Novice: 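Quick one: the structure is below, and I'll ask about it shortly.
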2 protein chains.
Amino acid sequence: MKLITRNTDYALRAVCFMAKHKGKVVSVAELTRKLRVPRPFLRKILQSLNRSGILKSLRGQGGGFILAKDATQIFLMDIMRIFQGKLRLNDCLLKKLICPNKRSCPLRKKIAKIESYVLKELSAINIASLLE
Amino acid sequence: MKLITRNTDYALRAVCFMAKHKGKVVSVAELTRKLRVPRPFLRKILQSLNRSGILKSLRGQGGGFILAKDATQIFLMDIMRIFQGKLRLNDCLLKKLICPNKRSCPLRKKIAKIESYVLKELSAINIASLLE
DNA sequence: ACAAATGATACAATTATGGTATCATTTCTG
DNA sequence: CAGAAATGATACCATAATTGTATCATTTGT
């Protein structure tokens, strides 16, 4: 199983690239060349990042994308959430029958503890820390 | 994203049931009734558990399945590995370009740390601890 | 006006997950 | 020994998620 999916991965690469060229407007064309990621897919990803406030977009000739905030203020968890939704390690066990007393299912508790650890760690990783 | 898939979940329910009826040979028919899991799917799951040494099977009339070892010696991680493969949170980043120096990619290190924590925790949870 | 860029969105291909069906083999019981 | 009741092995199918493609509309600089 993967913790990080492809589109999160691509998004990270793009955001890292932009963080390394802070202040420069970067077009999809350039990113495609540099990152070797399928162009239409990358466009879709960048548009999501724009809508989510991670990037700002500039339309028209000479346009492109640029970070909407400082690289220290963009966290791995933010980007994962955009493309992978909320991190829930726990879903399946809501159902039934794994243990006699549903509410206080001991497995749920243990998984919840793991989940909160993972969440905390992922939320602490910012883009700036990935640049070197 | 889910940490535990459906077949792991079903497997857990079945194993827990058998742990609660230690020493009794349980047929798929009975498990299907008790757990309300689709029968042919459950069969496939139990067969996997048998091949992996979690259960023992008894063929022929009056046959079924029974735990191959004590419930304290069967760990959540064992069962997850059977149905979900090795836990790897890290795969995507092997590729390229996320950071300048591929070997010492800082993200890889951070994810590896999270992975080892999750692994450790899941490996410590045994079936016996889920029964009450 | 035109070219070069993104916005929005519908569609398609591939893979993973969840599930079914079937025939072969073993074993108990009458 | 025959037949029923169980698992073993395995091929197949359905659905959903992931990974992508294509296209038309809109904005903006020259």
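Order of the sequence lines fixes the chain letters, A, B, ..., with proteins taken first and strands second; residue numbering starts at 1 for each chain. Bear in mind that the values here come from a model prediction, so they are computed numbers and not experimental data.
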Novice: Rounded to the nearest Å, what distance is computed from the CZ atom of residue R6(A) to the C1' atom of nucleotide dA16(C)?
Specialist: 14 Å

Novice: Using the test salt bridge (charged side-chain N to carboxylate O under 4.0 Å, His left out), find all partners of K22(A) that sit at least two apart in sequence or belong to another chain.
Specialist: D70(A)

Novice: Suppose the criterion is ring-ring contact (aromatic ring centres under 6.0 Å, His included): which pairs have a residue in residues 106-126 of chain B, not counting sequence neighbours?
Specialist: Y117(A)-Y117(B)

Novice: Please name all residues satisfying salt bridge (charged side-chain N to carboxylate O under 4.0 Å, His left out) with K69(A), sequence neighbours left out, ordered by chain then number.
Specialist: none

Novice: So which pairs with a foot in residues 121-130 of chain B pass side chain to side chain donor-acceptor pair (under 3.5 Å), sequence neighbours left out?
Specialist: K110(A)-S129(B), K113(A)-E121(B)

Novice: Name the closest nucleotide to the F41(B) side chain, picking from dG20(D), dT17(C), dG19(C).
Specialist: dG19(C)

Novice: Nearest whole Å is fine: how far is dT23(D) P from R39(A) CZ?
Specialist: 15 Å

Novice: Do I45(A) and L49(A) come close enough that some side-chain heavy atom pair is under 4.5 Å?
Specialist: yes

Novice: May I ask you to list the residues of residues 52-67 of chain B, by number, that have any heavy atom positioned under 4.0 Å from an atom of DNA chain C?
Specialist: R59(B), G60(B), Q61(B)

Novice: What is the distance, to the nearest angstrom, from the CG atom on L31(B) to the C1' atom on dA5(D)?
Specialist: 16 Å

Novice: What residue pairs, at least two apart or across chains, pass ring-ring contact (aromatic ring centres under 6.0 Å, His included) with a residue in residues 34-59 of chain A?
Specialist: Y10(A)-F41(A)

Novice: Please identify each residue that fulfils salt bridge (charged side-chain N to carboxylate O under 4.0 Å, His left out) with K24(B), with sequence neighbours left out.
Specialist: E30(B)

Novice: Mind calculating the distance between CG (L46(B)) and P (dG18(C)) to the nearest angstrom?
Specialist: 16 Å

Novice: Restricting to pairs with a member in residues 48-78 of chain A, which pass ring-ring contact (aromatic ring centres under 6.0 Å, His included), not counting sequence neighbours?
Specialist: none

Novice: Restricting to non-hydrogen atoms, name the atom on L42(A) and the atom on A14(A) that form the minimum distance, rounded to 0.1 Å.
Specialist: CD1-CB, 4.5 Å

Novice: Classify Y10(A) by what it touches in the nucleic acid, base, sugar-phosphate, or nothing, heavy-atom distance under 4.0 Å.
Specialist: sugar-phosphate

Novice: Please determine if a side-chain N or O atom of K2(A) lies less than 4.0 Å away from the OP1 or OP2 oxygen of dT19(D).
Specialist: yes

Novice: Check the distance between dT18(D)'s P and M80(A)'s CE and give it to me in whole angstrom.
Specialist: 12 Å

Novice: When all nucleic acid strands are considered with a 4.0 Å heavy-atom cut-off, which category describes P38(A): base, sugar-phosphate, or nothing?
Specialist: sugar-phosphate

Novice: Could you check how far CG of L42(B) sits from C1' of dA6(D), rounded to whole Å?
Specialist: 14 Å

Novice: Atom pairs under 3.5 Å, N or O on each side, protein against nucleotides 9-14 of chain D: can you list them with distances?
Specialist:
from   : atom 1 : to     : atom 2 : distance (Å)
dA9(D) : OP2    : R51(B) : NH1    : 3.2
dA9(D) : N7     : Q47(B) : OE1    : 3.1

Novice: Output the rounded distance in Å from CG (N7(A)) to P (dG20(D)).
Specialist: 9 Å

